[in-house]
Trainee: 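Below: one structure in structure tokens.
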Amino acid sequence: MRYELVIFDNDGVLVDSEPISNTILSEYLTELGHPTSYQECLRDYMGAAVHRVHDLVEERTGEKLPADFDETLHSRIFAAFRQELEPVAGVNEVLGKLVADGVAYCVASSGSHERIRVGHRKTGIDQWFEEDWIFSADDVAHGKPAPDLFLLAAERMGVPPERCVVIEDSSLGVEAARAAGMDVYGFTSMMPADRLAGVTGHFSDMSQLRELLA
């Protein structure tokens, strides 16, 4: 295998959380007087840390979101995750193959550490991840599309950026990976390929990823 480290995004790549979280976010923003559709949430916020929601709402409306916005949003999302969340189809097979081949991997997500762990426990993929293989936007000053999170993951895992490959499903994540000097494969199960400019390659089904990484 030509890569020494595979860095996975979490939401939409490991766990099928994007439909759940973006539905809840669109409903909550609309409830607060900022009408937002599900498709607009995917366009504007998919792959980003929650501070981007605050920034864009204030930029567009001049209004700040409530002080308890993050707490309320995460409470609603976590409750839904515990009821509905599933792993992305085929991801257990991909992770099992990496283990069998002795290839290092980790997760680098815009979500909080709590969000990552809630999702991993519910879907059972926590079996594949040691604690020190999990990196969150909580760990860096600047989240995606800045390269900081991916560079931190590479440094902590002991692999040069040029020997890493990122698996992403959002344009912000692709931008971050490219800025970090890493190859990046775009997962197009939700995001059209033309929204993932600059990727090394595309795939629409996890069963295709093993061949791309070979």
Trainee: Could you measure the distance from the CG atom of Leu85 to the CD1 atom of Ile77? Nearest 0.5 Å is fine.
Mentor: 11.0 Å
Trainee: Give a yes or no on whether the backbone of Arg2 and the side-chain of Arg163 come within a donor-acceptor separation of less than 3.5 Å.
Mentor: yes
Trainee: Sort and list the pairs that fulfil side-chain hydrogen bond (donor to acceptor under 3.5 Å, both in side chains) and have at least one residue in residues 85-96, not counting sequence neighbours.
Mentor: Asn92-Trp128
Trainee: Under 4.5 Å between any side-chain heavy atoms of Asp16 and Pro87, yes or no?
Mentor: no
Trainee: Just jot down the ring pair (Phe, Tyr, Trp, His ring centres under 6.0 Å) partners of Trp133, sequence neighbours excluded, or say none.
Mentor: Tyr105
Trainee: Mind checking the CG-CD spacing from Leu196 to Glu168? Nearest 0.5 Å is all I need.
Mentor: 8.5 Å
Trainee: Is there a side-chain contact between His34 and Glu63 (heavy atoms, below 4.5 Å)?
Mentor: yes
Trainee: I'd like to know if the side chain of Asp139 and the backbone of Ser136 have a donor-acceptor N/O pair within less than 3.5 Å.
Mentor: yes
Trainee: Evaluate side chain to side chain donor-acceptor pair (under 3.5 Å) for His54 paired with Asp70, printing each intermediate quantity in order.
Mentor: CA-CA 9 Å; His54 291 264; Asp70 293 11; 2.6 Å; yes
Trainee: Please indicate whether His51 has more than 12 foreign heavy atoms, meaning atoms of other residues, nucleotides or ligands, lying under 6.0 Å from its NE2.
Mentor: yes
Trainee: Ignoring hydrogens, what is the shortest heavy-atom contact between Ser110 and Gly47? Give both atom names and the distance.
Mentor: OG-O, 2.7 Å
Trainee: When rounded to the nearest 0.5 angstrom, what is the spacing between CD1 in Ile24 and CD in Glu31?
Mentor: 11.5 Å
Trainee: With a 4.5 Å limit on heavy-atom distance, are the side chains of Lys97 and Leu213 in contact?
Mentor: no
Trainee: Name the residue from Leu65, Asp68, Val50 that meets the side chain to side chain contact (heavy atoms under 4.5 Å, CB included) definition with Leu73.
Mentor: Val50
Trainee: Would you sort out whether Thr36 and Asp44 count as a side-chain contact (heavy atoms from CB on, under 4.5 Å), showing the intermediate values?
Mentor: CA-CA 10 Å; Thr36 307; Asp44 294 340; 5.9 Å; no
Trainee: So, do Arg117 and Glu131 sit near enough that their side-chain heavy atoms are less than 4.5 Å apart?
Mentor: yes
Trainee: Measuring only between side-chain heavy atoms, which start at C-beta, is Leu5 closer than 4.5 Å to Cys106?
Mentor: yes
Trainee: For residues 172-200, which residue pairs qualify under ring-ring contact (aromatic ring centres under 6.0 Å, His included), counting only residues two or more places apart or in two chains?
Mentor: Phe187-Phe203
Trainee: Do Phe135 and Val107 come close enough that some side-chain heavy atom pair is under 4.5 Å?
Mentor: no
Trainee: Nearest heavy-atom pair of Pro160 and Cys164: which atoms, and what distance?
Mentor: O-SG, 3.4 Å
Trainee: Membership question, hydrophobic clusters at under 4.5 Å side-chain separation (ILVMFWY): are Val94 and Ile134 in the same one?
Mentor: yes
Trainee: Apply side-chain contact (heavy atoms from CB on, under 4.5 Å) to the pair Thr23 and Tyr28, showing each step before the final yes or no.
Mentor: CA-CA 9 Å; Thr23 296; Tyr28 187 29; over 6 Å; no
Trainee: Assign the ring pair His74 / Phe78 to parallel, tilted or perpendicular, where the plane angle (0 to 90°) is split at 30° and 60°.
Mentor: parallel
Trainee: Under the 3.5 angstrom rule, does the side chain of Gln208 hit a backbone N or O of Ser204 as a donor-acceptor pair?
Mentor: yes
Trainee: If hydrophobic clusters are built from ILVMFWY residues whose side chains come within less than 4.5 Å, do Leu172 and Tyr45 share one?
Mentor: no
Trainee: With the side chain counted from C-beta on, respond yes when Val174 and Arg195 share a heavy-atom pair under 4.5 Å apart, and no when they do not.
Mentor: no
Trainee: With distance as the sole test, does Ser75 use its side chain to make a donor-acceptor pair with the main-chain N or O of Glu71 at under 3.5 Å?
Mentor: no
Trainee: Side-chain atoms of residues 7-15: list all donor-acceptor pairs with protein atoms under 3.5 Å, sequence neighbours left out, distances to 0.1 Å.
Mentor:
| residue | atom | partner | partner atom | Å |
| --- | --- | --- | --- | --- |
| Asp9 | OD1 | Lys144 | NZ | 3.0 |
| Asn10 | OD1 | His120 | NE2 | 2.7 |
| Asp11 | OD1 | Ser17 | OG | 2.4 |
| Asp11 | OD1 | Arg115 | NE | 3.4 |
| Asp11 | OD1 | Arg115 | NH2 | 3.3 |
| Asp11 | OD2 | Arg115 | NE | 3.2 |

Trainee: Donor-acceptor pair, Thr188 side chain versus Met191 backbone, under 3.5 Å?
Mentor: no
Trainee: In Å and rounded to the nearest 0.5 Å, what is the CD1 to CD distance from Ile20 to Gln83?
Mentor: 10.5 Å
Trainee: Between Arg52 and Glu59, does any NZ, NE, NH1 or NH2 come within less than 4.0 Å of an OD or OE carboxylate oxygen?
Mentor: no
Trainee: Report all side-chain donor-acceptor pairs from residues 147-159 shorter than 3.5 Å, counting only partners two or more places apart or in another chain.
Mentor:
none

Trainee: What I want to find out is whether Arg60 reaches Asp55 closely enough, with some N-O distance under 4.0 Å, to be called a salt bridge.
Mentor: no
Trainee: Given 3.5 Å as the limit, does a donor-acceptor pair link the side chain of Asp101 with the main chain of Val103, or not?
Mentor: no
Trainee: Quick one: pull up CD in Glu175 and OG in Ser170 and give me the separation to the nearest 0.5 Å.
Mentor: 9.5 Å
Trainee: Could you measure the distance from the CE atom of Met190 to the CD atom of Glu18? Nearest 0.5 Å is fine.
Mentor: 6.0 Å
Trainee: Could you give the side-chain donor-acceptor pairs of residues 176-184 under 3.5 Å, partners two or more places apart or in another chain?
Mentor:
| residue | atom | partner | partner atom | Å |
| --- | --- | --- | --- | --- |
| Arg178 | NE | Gly198 | O | 3.3 |
| Asp183 | OD2 | Tyr3 | OH | 2.6 |

Trainee: Using the rule that Ile, Leu, Val, Met, Phe, Trp and Tyr join whenever any side-chain heavy atoms are under 4.5 Å apart, tell me whether Leu25 and Met46 fall into a single cluster.
Mentor: yes
Trainee: Is the closest side-chain heavy-atom distance between Ser37 and Ser26 below 4.5 Å?
Mentor: no
Trainee: Okay, side chain of Asp138, backbone of His113: is any donor-acceptor separation there less than 3.5 Å?
Mentor: yes
